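All of these numbers come straight from a predicted model, not from anything done at the bench. Worth knowing before you read on, the calculation uses all heavy atoms, side chains too, and leaves out hydrogens, waters and symmetry mates.
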Amino acid sequence: MSKMKKYFTLFGLYIAQSIPMSFFSTAVPVIMREENYSLESIGLFQLVKLPWILKFLWAPLVDHTTRNLGQYKRWIVGAELFYAATILSVGFFNLQTNFTLIIILMLLAITASATQDIATDALAIRVLSHKERGTGNSVQSMGGFMGTVIGGGVLLLTYNYLGWHASLVGLSLFVLIALLPLWRFNHQLSPATKTSGISWTDIVGFFTQKGIRKQVVFLLICYSGLFGIQAMLKPFLVDLGYDMRQIGFMSNISGAAVAALCSFLAGIFIKRLGLRTAMKLSFVCLIIVPIYFYWLSLGHCPDVAVYAGVCLSWGIYGMIMVTVYTVSMNCVRNGYEGTDFTIQTVLTQVSGLFVAVISGAIAGRFGYSGLFLAEIGLATITISYVMLAYGKNNRAFALT
(Lines give C-alpha, C1' and ligand atoms only; values in the text may rest on other atoms or scores of the structure.)
Protein backbone atom coordinates (compact mmCIF):
# COMPACT_ATOMS: atom_id res chain seq x y z
CA MET A 1 0.00 0.00 0.00
CA SER A 2 1.32 3.49 -0.88
CA LYS A 3 2.26 5.85 1.93
CA MET A 4 -0.13 8.48 0.58
CA LYS A 5 -3.09 6.10 0.87
CA LYS A 6 -2.22 5.44 4.52
CA TYR A 7 -1.88 9.14 5.26
CA PHE A 8 -5.10 10.00 3.40
CA THR A 9 -7.08 7.37 5.33
CA LEU A 10 -5.73 8.56 8.68
CA PHE A 11 -6.40 12.19 7.78
CA GLY A 12 -10.03 11.33 7.01
CA LEU A 13 -10.48 9.56 10.35
CA TYR A 14 -8.93 12.37 12.38
CA ILE A 15 -10.84 15.17 10.68
CA ALA A 16 -14.08 13.15 11.01
CA GLN A 17 -13.82 13.21 14.78
CA SER A 18 -12.46 16.75 15.09
CA ILE A 19 -15.02 18.80 13.15
CA PRO A 20 -18.08 17.89 15.30
CA MET A 21 -15.94 18.07 18.46
CA SER A 22 -14.76 21.56 17.52
CA PHE A 23 -18.34 22.62 16.78
CA PHE A 24 -19.57 21.32 20.14
CA SER A 25 -16.73 22.73 22.25
CA THR A 26 -16.09 26.03 20.45
CA ALA A 27 -19.07 27.14 18.38
CA VAL A 28 -21.97 25.92 20.55
CA PRO A 29 -20.93 27.97 23.67
CA VAL A 30 -20.83 31.10 21.47
CA ILE A 31 -24.26 30.24 20.03
CA MET A 32 -25.60 29.67 23.54
CA ARG A 33 -24.30 33.01 24.75
CA GLU A 34 -25.86 34.81 21.79
CA GLU A 35 -29.17 33.15 22.68
CA ASN A 36 -28.87 34.53 26.24
CA TYR A 37 -28.00 31.31 28.06
CA SER A 38 -26.60 31.81 31.53
CA LEU A 39 -22.88 31.44 32.13
CA GLU A 40 -23.74 28.56 34.49
CA SER A 41 -25.42 26.68 31.63
CA ILE A 42 -22.47 27.35 29.34
CA GLY A 43 -20.12 26.09 32.04
CA LEU A 44 -22.23 22.94 32.45
CA PHE A 45 -22.01 22.37 28.70
CA GLN A 46 -18.23 21.94 29.03
CA LEU A 47 -18.98 18.49 30.50
CA VAL A 48 -19.19 17.19 26.93
CA LYS A 49 -15.35 17.22 26.91
CA LEU A 50 -15.19 14.79 29.84
CA PRO A 51 -14.92 11.56 27.78
CA TRP A 52 -11.68 12.81 26.25
CA ILE A 53 -10.15 13.01 29.73
CA LEU A 54 -11.51 9.61 30.85
CA LYS A 55 -10.98 7.62 27.65
CA PHE A 56 -7.86 5.91 29.03
CA LEU A 57 -10.20 3.88 31.26
CA TRP A 58 -11.61 1.87 28.34
CA ALA A 59 -8.55 1.98 26.09
CA PRO A 60 -7.42 -1.49 27.33
CA LEU A 61 -10.72 -2.94 26.08
CA VAL A 62 -9.89 -1.72 22.56
CA ASP A 63 -6.35 -3.13 22.77
CA HIS A 64 -7.46 -6.55 23.97
CA THR A 65 -10.05 -6.95 21.21
CA THR A 66 -7.97 -5.82 18.21
CA ARG A 67 -5.61 -8.37 16.71
CA ASN A 68 -6.11 -7.65 13.02
CA LEU A 69 -7.20 -4.88 10.66
CA GLY A 70 -10.78 -6.12 10.49
CA GLN A 71 -11.21 -5.74 14.25
CA TYR A 72 -9.81 -2.20 14.17
CA LYS A 73 -12.23 -1.39 11.37
CA ARG A 74 -15.16 -2.73 13.40
CA TRP A 75 -14.26 -0.51 16.36
CA ILE A 76 -13.73 2.58 14.20
CA VAL A 77 -16.75 2.12 11.93
CA GLY A 78 -19.02 1.12 14.81
CA ALA A 79 -17.98 4.13 16.90
CA GLU A 80 -18.32 6.52 13.95
CA LEU A 81 -21.76 5.23 12.97
CA PHE A 82 -22.96 5.73 16.54
CA TYR A 83 -21.26 9.15 16.56
CA ALA A 84 -23.03 10.21 13.35
CA ALA A 85 -26.42 8.86 14.49
CA THR A 86 -26.19 10.66 17.83
CA ILE A 87 -25.15 13.94 16.20
CA LEU A 88 -28.09 13.62 13.81
CA SER A 89 -30.50 13.01 16.69
CA VAL A 90 -29.24 16.12 18.52
CA GLY A 91 -30.31 18.20 15.52
CA PHE A 92 -33.95 17.27 16.10
CA PHE A 93 -34.04 18.80 19.58
CA ASN A 94 -34.16 22.44 20.65
CA LEU A 95 -31.42 23.96 22.79
CA GLN A 96 -33.95 26.04 24.67
CA THR A 97 -36.40 23.28 25.61
CA ASN A 98 -34.24 20.11 25.57
CA PHE A 99 -30.97 21.35 27.04
CA THR A 100 -30.37 18.46 29.48
CA LEU A 101 -31.22 15.82 26.87
CA ILE A 102 -28.86 17.47 24.37
CA ILE A 103 -26.00 17.39 26.90
CA ILE A 104 -26.63 13.67 27.48
CA LEU A 105 -26.68 12.95 23.75
CA MET A 106 -23.53 14.96 23.17
CA LEU A 107 -21.78 13.11 26.00
CA LEU A 108 -22.65 9.85 24.25
CA ALA A 109 -21.48 11.24 20.91
CA ILE A 110 -18.14 12.43 22.29
CA THR A 111 -17.67 9.09 24.09
CA ALA A 112 -18.04 7.35 20.73
CA SER A 113 -15.61 9.83 19.15
CA ALA A 114 -13.09 9.25 21.95
CA THR A 115 -13.37 5.49 21.39
CA GLN A 116 -12.77 5.96 17.68
CA ASP A 117 -9.71 8.04 18.57
CA ILE A 118 -8.27 5.23 20.72
CA ALA A 119 -8.68 2.70 17.91
CA THR A 120 -7.40 5.09 15.23
CA ASP A 121 -4.29 6.00 17.26
CA ALA A 122 -3.53 2.32 17.87
CA LEU A 123 -4.09 1.51 14.19
CA ALA A 124 -1.81 4.39 13.15
CA ILE A 125 0.99 3.10 15.39
CA ARG A 126 0.70 -0.38 13.88
CA VAL A 127 0.54 0.65 10.21
CA LEU A 128 3.19 3.39 10.30
CA SER A 129 6.85 2.45 10.32
CA HIS A 130 9.06 4.42 12.69
CA LYS A 131 10.31 6.51 9.76
CA GLU A 132 6.71 7.31 8.77
CA ARG A 133 5.52 8.38 12.22
CA GLY A 134 6.66 11.98 11.88
CA THR A 135 4.62 12.44 8.71
CA GLY A 136 1.76 10.37 10.16
CA ASN A 137 1.51 12.60 13.21
CA SER A 138 1.78 15.64 10.97
CA VAL A 139 -1.32 14.32 9.16
CA GLN A 140 -3.04 13.66 12.51
CA SER A 141 -2.42 17.20 13.74
CA MET A 142 -3.45 18.71 10.41
CA GLY A 143 -6.74 16.81 10.60
CA GLY A 144 -7.38 18.15 14.09
CA PHE A 145 -6.58 21.74 13.21
CA MET A 146 -8.56 21.67 9.97
CA GLY A 147 -11.44 20.36 12.06
CA THR A 148 -11.11 23.47 14.21
CA VAL A 149 -11.11 25.69 11.12
CA ILE A 150 -14.32 24.10 9.81
CA GLY A 151 -16.17 23.11 12.99
CA GLY A 152 -15.18 26.01 15.24
CA GLY A 153 -14.78 28.69 12.58
CA VAL A 154 -16.62 28.23 9.29
CA LEU A 155 -19.70 26.59 10.82
CA LEU A 156 -19.91 29.32 13.46
CA LEU A 157 -19.79 32.01 10.78
CA THR A 158 -22.44 30.25 8.66
CA TYR A 159 -24.68 29.18 11.55
CA ASN A 160 -27.11 32.08 11.09
CA TYR A 161 -27.74 30.90 7.53
CA LEU A 162 -27.82 27.14 8.19
CA GLY A 163 -29.50 26.99 11.58
CA TRP A 164 -29.24 24.31 14.27
CA HIS A 165 -30.87 21.40 12.43
CA ALA A 166 -29.05 21.83 9.11
CA SER A 167 -25.67 22.25 10.87
CA LEU A 168 -26.07 18.99 12.80
CA VAL A 169 -27.31 17.08 9.74
CA GLY A 170 -24.28 18.32 7.80
CA LEU A 171 -21.93 17.23 10.59
CA SER A 172 -23.37 13.73 10.72
CA LEU A 173 -23.13 13.34 6.95
CA PHE A 174 -19.52 14.50 6.96
CA VAL A 175 -18.61 11.90 9.59
CA LEU A 176 -20.01 9.17 7.33
CA ILE A 177 -18.28 10.49 4.21
CA ALA A 178 -14.91 10.66 5.99
CA LEU A 179 -15.19 6.93 6.72
CA LEU A 180 -15.21 5.97 3.04
CA PRO A 181 -11.40 5.68 2.59
CA LEU A 182 -11.31 3.15 5.44
CA TRP A 183 -13.54 0.70 3.52
CA ARG A 184 -10.82 0.16 0.91
CA PHE A 185 -7.95 0.39 3.39
CA ASN A 186 -5.94 -2.83 3.43
CA HIS A 187 -2.55 -3.10 5.10
CA GLN A 188 -0.48 -5.66 6.93
CA LEU A 189 -0.21 -4.67 10.59
CA SER A 190 2.97 -4.92 12.58
CA PRO A 191 2.85 -7.93 14.97
CA ALA A 192 1.58 -7.22 18.48
CA THR A 193 1.62 -9.33 21.61
CA LYS A 194 -1.81 -9.61 23.22
CA THR A 195 -2.36 -10.77 26.79
CA SER A 196 -5.53 -12.47 27.95
CA GLY A 197 -7.94 -10.62 30.19
CA ILE A 198 -8.34 -6.91 30.90
CA SER A 199 -7.20 -5.43 34.20
CA TRP A 200 -5.96 -2.23 35.80
CA THR A 201 -2.41 -3.48 35.31
CA ASP A 202 -2.78 -2.55 31.64
CA ILE A 203 -2.85 1.10 32.70
CA VAL A 204 -0.46 0.87 35.66
CA GLY A 205 2.02 -1.06 33.53
CA PHE A 206 2.74 2.02 31.42
CA PHE A 207 4.08 3.86 34.46
CA THR A 208 6.25 0.96 35.62
CA GLN A 209 8.31 0.73 32.44
CA LYS A 210 12.03 1.29 32.74
CA GLY A 211 13.01 4.89 31.96
CA ILE A 212 9.43 6.10 31.45
CA ARG A 213 9.59 8.76 34.18
CA LYS A 214 11.41 11.19 31.90
CA GLN A 215 8.62 10.87 29.38
CA VAL A 216 5.90 11.38 32.01
CA VAL A 217 7.56 14.55 33.29
CA PHE A 218 7.96 15.77 29.72
CA LEU A 219 4.26 15.21 28.97
CA LEU A 220 3.25 17.12 32.10
CA ILE A 221 5.31 20.20 31.20
CA CYS A 222 5.56 20.15 27.39
CA TYR A 223 2.77 22.68 26.81
CA SER A 224 3.13 24.62 30.06
CA GLY A 225 4.77 27.61 28.37
CA LEU A 226 1.93 27.82 25.86
CA PHE A 227 -1.35 26.63 27.40
CA GLY A 228 -1.60 29.57 29.78
CA ILE A 229 -1.52 31.91 26.80
CA GLN A 230 -4.02 29.78 24.89
CA ALA A 231 -6.38 29.73 27.89
CA MET A 232 -6.34 33.52 28.31
CA LEU A 233 -6.04 34.39 24.62
CA LYS A 234 -9.72 35.14 23.99
CA PRO A 235 -10.21 37.20 27.18
CA PHE A 236 -7.02 39.10 26.24
CA LEU A 237 -8.40 39.82 22.78
CA VAL A 238 -11.76 40.91 24.25
CA ASP A 239 -9.93 43.35 26.52
CA LEU A 240 -8.07 44.68 23.47
CA GLY A 241 -11.46 45.58 21.99
CA TYR A 242 -12.15 42.75 19.54
CA ASP A 243 -15.63 41.25 19.24
CA MET A 244 -16.47 37.53 19.13
CA ARG A 245 -16.67 37.36 15.33
CA GLN A 246 -13.23 38.92 14.96
CA ILE A 247 -11.82 36.63 17.64
CA GLY A 248 -13.38 33.59 16.00
CA PHE A 249 -11.81 34.48 12.67
CA MET A 250 -8.43 35.22 14.27
CA SER A 251 -8.23 32.09 16.36
CA ASN A 252 -10.48 29.38 14.96
CA ILE A 253 -9.85 30.11 11.29
CA SER A 254 -6.57 32.01 10.77
CA GLY A 255 -4.77 30.58 13.80
CA ALA A 256 -5.87 26.98 13.29
CA ALA A 257 -5.04 27.16 9.57
CA VAL A 258 -1.51 28.31 10.42
CA ALA A 259 -1.26 25.47 12.96
CA ALA A 260 -2.20 22.98 10.24
CA LEU A 261 0.50 24.43 7.97
CA CYS A 262 3.12 24.30 10.72
CA SER A 263 2.11 20.71 11.53
CA PHE A 264 2.85 19.86 7.91
CA LEU A 265 6.24 21.59 8.15
CA ALA A 266 7.04 19.75 11.38
CA GLY A 267 6.53 16.43 9.59
CA ILE A 268 9.02 17.54 6.93
CA PHE A 269 11.53 18.63 9.60
CA ILE A 270 11.29 15.27 11.36
CA LYS A 271 11.83 13.42 8.09
CA ARG A 272 14.83 15.52 7.01
CA LEU A 273 16.47 16.46 10.33
CA GLY A 274 15.51 13.51 12.51
CA LEU A 275 13.10 13.50 15.44
CA ARG A 276 15.57 14.63 18.10
CA THR A 277 16.74 17.70 16.15
CA ALA A 278 13.23 18.64 15.00
CA MET A 279 11.92 18.32 18.54
CA LYS A 280 14.62 20.54 20.01
CA LEU A 281 14.12 23.09 17.24
CA SER A 282 10.36 23.31 17.86
CA PHE A 283 10.82 23.76 21.60
CA VAL A 284 13.45 26.47 21.13
CA CYS A 285 10.82 28.32 19.09
CA LEU A 286 8.44 27.98 22.05
CA ILE A 287 10.10 30.83 23.96
CA ILE A 288 9.19 33.28 21.18
CA VAL A 289 5.46 33.06 21.94
CA PRO A 290 5.34 34.36 25.56
CA ILE A 291 8.00 36.98 24.77
CA TYR A 292 5.90 38.27 21.87
CA PHE A 293 2.70 38.37 23.96
CA TYR A 294 4.52 40.15 26.78
CA TRP A 295 5.45 42.82 24.24
CA LEU A 296 1.81 43.00 23.09
CA SER A 297 0.66 43.47 26.68
CA LEU A 298 2.88 46.53 27.22
CA GLY A 299 0.91 48.92 25.05
CA HIS A 300 -1.31 49.53 22.03
CA CYS A 301 -0.39 47.43 19.01
CA PRO A 302 -1.75 47.52 15.46
CA ASP A 303 -4.20 44.83 14.36
CA VAL A 304 -1.59 43.14 12.19
CA ALA A 305 0.68 42.63 15.21
CA VAL A 306 -2.17 41.05 17.19
CA TYR A 307 -3.11 38.78 14.28
CA ALA A 308 0.55 37.80 13.99
CA GLY A 309 0.67 36.91 17.68
CA VAL A 310 -2.41 34.69 17.45
CA CYS A 311 -1.03 32.90 14.38
CA LEU A 312 2.39 32.56 16.03
CA SER A 313 0.95 30.88 19.12
CA TRP A 314 -1.10 28.45 17.03
CA GLY A 315 1.79 27.74 14.66
CA ILE A 316 4.27 26.85 17.40
CA TYR A 317 1.58 24.75 19.06
CA GLY A 318 1.14 22.80 15.82
CA MET A 319 4.87 22.15 15.50
CA ILE A 320 5.25 21.01 19.10
CA MET A 321 2.17 18.79 18.94
CA VAL A 322 3.61 16.76 16.05
CA THR A 323 6.88 16.11 17.89
CA VAL A 324 5.06 15.27 21.14
CA TYR A 325 2.81 12.77 19.35
CA THR A 326 5.74 11.18 17.53
CA VAL A 327 7.79 10.77 20.72
CA SER A 328 4.71 9.34 22.44
CA MET A 329 4.22 6.74 19.70
CA ASN A 330 7.78 5.56 20.30
CA CYS A 331 7.04 5.04 24.01
CA VAL A 332 4.19 2.52 23.72
CA ARG A 333 4.39 -1.14 24.69
CA ASN A 334 3.80 -3.81 22.10
CA GLY A 335 0.16 -4.88 22.29
CA TYR A 336 -0.86 -1.83 24.35
CA GLU A 337 -0.71 0.79 21.61
CA GLY A 338 -4.14 2.30 22.27
CA THR A 339 -3.75 2.30 26.04
CA ASP A 340 -0.27 3.78 26.20
CA PHE A 341 -0.78 6.46 23.57
CA THR A 342 -4.10 7.46 25.15
CA ILE A 343 -2.52 7.71 28.61
CA GLN A 344 0.13 10.03 27.23
CA THR A 345 -2.34 12.32 25.44
CA VAL A 346 -4.52 12.45 28.57
CA LEU A 347 -1.48 13.47 30.66
CA THR A 348 -0.97 16.49 28.41
CA GLN A 349 -4.68 17.36 28.61
CA VAL A 350 -4.78 17.14 32.41
CA SER A 351 -1.65 19.24 32.80
CA GLY A 352 -3.05 21.71 30.27
CA LEU A 353 -6.25 22.01 32.29
CA PHE A 354 -4.22 22.70 35.45
CA VAL A 355 -2.13 25.37 33.68
CA ALA A 356 -5.30 26.97 32.29
CA VAL A 357 -6.82 27.26 35.78
CA ILE A 358 -3.62 28.67 37.27
CA SER A 359 -3.19 31.11 34.39
CA GLY A 360 -6.55 32.68 35.18
CA ALA A 361 -5.51 33.23 38.78
CA ILE A 362 -2.16 34.74 37.75
CA ALA A 363 -3.73 37.03 35.16
CA GLY A 364 -6.36 38.14 37.66
CA ARG A 365 -3.77 39.12 40.26
CA PHE A 366 -0.80 40.30 38.19
CA GLY A 367 -2.41 41.20 34.89
CA TYR A 368 -1.65 39.86 31.44
CA SER A 369 1.96 41.07 31.61
CA GLY A 370 2.49 39.05 34.78
CA LEU A 371 0.97 35.97 33.15
CA PHE A 372 3.16 36.24 30.06
CA LEU A 373 6.27 36.70 32.23
CA ALA A 374 5.32 33.52 34.10
CA GLU A 375 4.89 31.74 30.76
CA ILE A 376 8.38 32.87 29.73
CA GLY A 377 9.68 31.20 32.89
CA LEU A 378 7.75 27.98 32.22
CA ALA A 379 8.89 27.90 28.60
CA THR A 380 12.50 28.28 29.73
CA ILE A 381 12.10 25.37 32.15
CA THR A 382 10.52 23.20 29.44
CA ILE A 383 13.23 23.97 26.89
CA SER A 384 15.96 23.23 29.44
CA TYR A 385 14.34 19.92 30.34
CA VAL A 386 14.03 18.85 26.70
CA MET A 387 17.68 19.67 26.02
CA LEU A 388 18.92 17.79 29.09
CA ALA A 389 16.55 14.82 29.29
CA TYR A 390 16.34 13.73 25.68
CA GLY A 391 19.87 12.57 25.06
CA LYS A 392 21.23 9.95 22.71
CA ASN A 393 20.25 7.00 24.85
CA ASN A 394 16.61 7.99 25.33
CA ARG A 395 14.09 5.34 24.34
CA ALA A 396 11.92 7.80 22.43
CA PHE A 397 14.60 8.14 19.75
CA ALA A 398 16.03 4.63 19.82
CA LEU A 399 14.23 3.52 16.66
CA THR A 400 14.19 6.75 14.65
Do Leu69 and Phe185 have side chains that get closer than 4.5 Å, going by heavy atoms? yes
Are the side chains of Leu240 and Leu296 in touch, meaning some heavy atoms are under 4.5 Å apart? no
Suppose we screen for side chain to side chain donor-acceptor pair (under 3.5 Å). Which residues come up paired with [X], at least two apart in sequence or across chains?
X	result
Lys73	none
Thr323	none
Thr120	Gln116
Ser369	Ser297

I'd like to know if Phe145 and Val258 are part of one continuous hydrophobic network [Ile/Leu/Val/Met/Phe/Trp/Tyr, side-chain heavy atoms within less than 4.5 Å]. no
Under 3.5 Å: donor-acceptor pair, side chain of [X], backbone of [Y]:
X	Y	answer
Ser138	Gly134	no
Thr382	Ile221	yes
Gln71	Asn68	yes
Asn98	Phe93	no
Asp340	Arg333	yes
Glu337	Gly335	yes
Thr158	Val154	yes

Taking atom CZ of Phe8 as the centre, report whether more than 12 heavy atoms of other residues, nucleotides or ligands fall under 6.0 Å from it. no
Look at atom OH of Tyr385 and say whether more than 12 heavy atoms of other residues, nucleotides or ligands are closer to it than 6.0 Å. yes
Quick one: sort the Tyr317 and Trp314 rings into parallel, tilted or perpendicular, breaks at 30° and 60°. perpendicular
Could you tell me if the ring centre of Phe236 sits under 6.0 Å from that of Phe372? yes
What do you reckon, are the aromatic ring centroids of Trp295 and Tyr292 less than 6.0 Å apart? yes
Which atom names give the shortest non-hydrogen contact between Ala122 and Tyr72, and what distance separates them? CB-CE2, 3.7 Å
Ala112 and Phe82: which non-hydrogen atoms are nearest, and at how many Å? CB-CD2, 3.6 Å
Is a salt bridge present between Glu132 and Lys271, judged by a nitrogen-to-oxygen distance below 4.0 Å? no
Show me the pairs that pass side-chain hydrogen bond (donor to acceptor under 3.5 Å, both in side chains) and involve residues 230-243, at least two apart or across chains. Asp239-Tyr368, Tyr242-Asp303
Under 4.5 Å between side-chain heavy atoms, chaining through other members, with only Ile, Leu, Val, Met, Phe, Trp and Tyr counted: pull out the rest of the cluster around Leu88, sorted by chain and number. Phe92, Val169, Leu173
